[in-house]
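One structure below.
In what follows, chains are A, B, ... by sequence order, proteins preceding strands, each numbered from 1. Excluded from the calculations below are hydrogen atoms, water molecules and symmetry mates; all remaining heavy atoms, backbone and side chain alike, are included.
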There are 2 protein chains.
Amino acid sequence: MPNSPQHLHDVLVHLRRIIRATDLQSKRVVKACGLTIPQIMVLRSIEALGDVTVRKISDSVSLSQATVTTILNRLEDRQYVERVRAQKDKRIVNARLTESGLEILKTTPPLLHEKFIDEFESLEGWEQTQVLSSLQRIAMMMDAENLDAAPLLDINSPDALV
Amino acid sequence: MPNSPQHLHDVLVHLRRIIRATDLQSKRVVKACGLTIPQIMVLRSIEALGDVTVRKISDSVSLSQATVTTILNRLEDRQYVERVRAQKDKRIVNARLTESGLEILKTTPPLLHEKFIDEFESLEGWEQTQVLSSLQRIAMMMDAENLDAAPLLDINSPDALV
DNA sequence: CCTATATACTTTGAACTGTAACTTTTTTAA
DNA sequence: TTAAAAAAGTTACAGTTCAAAGTATATAGG
């Protein structure tokens, strides 16, 4: 018989640790290259998708439009990105990488900690799959927006974002 | 043969979705009871541990001391908590729940979305265990502080924090 | 005793994050 | 045609989060 209340509590504890570890990794990455993880994800997303709207970036990196706007502001201040208003529909803003943006992207480290990467890669294939599918399951269960069961394995994001 | 780069990328994507879902849930909880998830976790931690130092709270909720301080500031402003300086060692600050603090705690909803709780509880016992152990594994692999393999199942946190 | 170090906590500064309200532009419908 | 509704972004605001620097107190060594 599963002990759900205890398990749920443990889920919460582990999630908090994971969120914290992610924050800490972002600080490490900042020290290494001057950009935070969300900034790098936005840059890579623009690189992968070409000139792209704020909405598409926000879908691609799982952040709200408002958050992407503030991140774009900072990236634009530093001239890694420029905004180009679309001609046919003037509501639309396309983000575009600058030369410096392309340059800095080359200096960015992996977004997951090396320890994590090493340990994950040292897992057996079936273990990797199990971890991944659990993670996918949790992501789906937590996604209160899509109340219908979303199709599995619908990952069609730009690659090499790690 | 495992396709690690793709898997690592997928791990990152799912983690981001999970972090976002957690943020969104916190906003929902605020609407329901006026407190954010971190605030509730701190309050429950104080409730569970009794008069307790900032350091212990920060360990218990997996947040830095500085973060707990700012959360305590807000909770103290609203008089849910009071700080009591220890007599024998005046560096130490103990946090204590007030009457209102105890009251408000009774009104707080579960910290995981109801959809998540329902779906998690509907899983088979072995599935719950698998999800939980994957989560624990990820949390451990991401924890760059503890480079040695931490012992499994060392969960001794106060209960009913969900 | 007195200085150096360590501990407990707070402050500061910068970034992330979302909702709600707002502006501008486009589309729809009367 | 023109008013209403929708869509794309931005702004305002409040909270979270951490590292690093700062403050106050305690302990250890000379």
Side-chain angles (χ1 to χ4, degrees), chain A residues 16-42 52-59 61-78 81 83-95 111 144-145, chain B residues 16-42 52-59 61-78 81 83-95 111 144-145:
Chain A
R16 281 288 150 185
R17 287 192 186 153
I18 289 170
I19 290 171
R20 171 145 209 241
T22 306
D23 276 344
L24 294 175
Q25 172 65 2
S26 192
K27 307 278 171 168
R28 275 181 226 114
V29 172
V30 167
K31 282 194 187 168
C33 74
L35 294 168
T36 65
I37 289 184
Q39 288 170 351
I40 296 172
M41 292 183 65
V42 166
V52 63
T53 65
V54 177
R55 159 66 49 210
K56 277 187 189 161
I57 296 172
S58 111
D59 288 344
V61 299
S62 287
L63 293 171
S64 76
Q65 219 174 10
T67 302
V68 172
T69 290
T70 70
I71 291 173
L72 281 179
N73 288 344
R74 266 181 274 276
L75 292 174
E76 203 176 19
D77 289 346
R78 296 212 242 162
V81 156
R83 284 172 158 106
V84 185
R85 219 160 251 290
Q87 283 310 303
K88 26 182 192 176
D89 184 341
K90 288 177 186 150
R91 292 170 303 180
I92 294 178
V93 168
N94 282 290
L111 302 190
E145 245 78 298
Chain B
R16 283 287 149 184
R17 286 190 187 155
I18 289 170
I19 290 171
R20 171 147 211 239
T22 306
D23 276 343
L24 295 174
Q25 173 64 3
S26 192
K27 307 281 171 169
R28 274 181 226 113
V29 172
V30 167
K31 281 194 189 169
C33 73
L35 294 167
T36 65
I37 288 183
Q39 288 170 351
I40 296 172
M41 292 183 66
V42 167
V52 63
T53 66
V54 177
R55 160 63 51 207
K56 277 187 190 161
I57 296 172
S58 110
D59 288 344
V61 299
S62 287
L63 293 171
S64 76
Q65 221 174 9
T67 302
V68 172
T69 290
T70 71
I71 292 173
L72 282 179
N73 288 343
R74 265 181 272 277
L75 292 175
E76 203 176 19
D77 288 347
R78 295 211 245 162
V81 156
R83 283 173 160 105
V84 185
R85 220 161 250 287
Q87 281 310 302
K88 28 182 193 179
D89 185 340
K90 286 174 186 152
R91 292 170 302 181
I92 295 177
V93 168
N94 283 288
L111 303 190
E145 245 79 299

| task | Spell out protein contact along nucleotides 6-15 of chain C as letters: B when the base is contacted, S when just the sugar-phosphate is, - when no protein heavy atom is under 4.0 Å; keep the 5' to 3' order. | result | BBSBBB---S
Whole-Å gap separating [atom2] ([N]) and [atom1] ([X]):
X       : N      : atom1 : atom2 : value
B:Ile18 : C:dT17 : CD1   : P     : 15 Å
A:Ile40 : C:dC16 : CD1   : C1'   : 14 Å
B:Ile71 : D:dA14 : CD1   : C1'   : 13 Å
A:Leu24 : C:dC16 : CG    : P     : 15 Å
B:Ile19 : D:dT16 : CD1   : P     : 17 Å
B:Ile37 : D:dT16 : CD1   : C1'   : 12 Å
A:Gln25 : D:dT17 : CD    : C1'   : 15 Å
A:Lys90 : D:dA7  : NZ    : C1'   : 16 Å

| query | Who passes side chain to side chain contact (heavy atoms under 4.5 Å, CB included) against A:Ala32, sequence neighbours left out? | reply | A:Pro109
Between atom [atom1] of [X] and atom [atom2] of [Y], what is the distance when rounded to the nearest 0.5 Å?
X       : Y       : atom1 : atom2 : answer
B:Thr70 : B:Gln39 : OG1   : CD    : 9.0 Å
A:Leu75 : A:Arg83 : CG    : CZ    : 9.0 Å
A:Asn94 : A:Arg85 : CG    : CZ    : 10.0 Å

When you check the phosphate oxygens OP1 and OP2 of [N], does a side-chain N or O of [X] lie under 4.0 Å from one of them?
X       : N      : answer
A:Lys88 : C:dT27 : no
B:Thr67 : D:dT17 : no
A:Lys31 : D:dA20 : yes

| said: Test side chain to side chain contact (heavy atoms under 4.5 Å, CB included) on A:Leu111 and A:Gln25; report intermediate values, then the result. | reply: CA-CA 8 Å; A:Leu111 302 190; A:Gln25 172 65 2; 5.9 Å; no
| query | Would B:Val93 and B:Val84 count as a side chain to side chain contact (heavy atoms under 4.5 Å, CB included) if you check the C-alpha gap in whole Å, the side-chain angles of each, and the deciding distance to 0.1 Å? | reply | CA-CA 6 Å; B:Val93 168; B:Val84 185; over 6 Å; no
| Salt-bridge present (A:Asp23, A:Lys27; N to O < 4.0 Å) | no
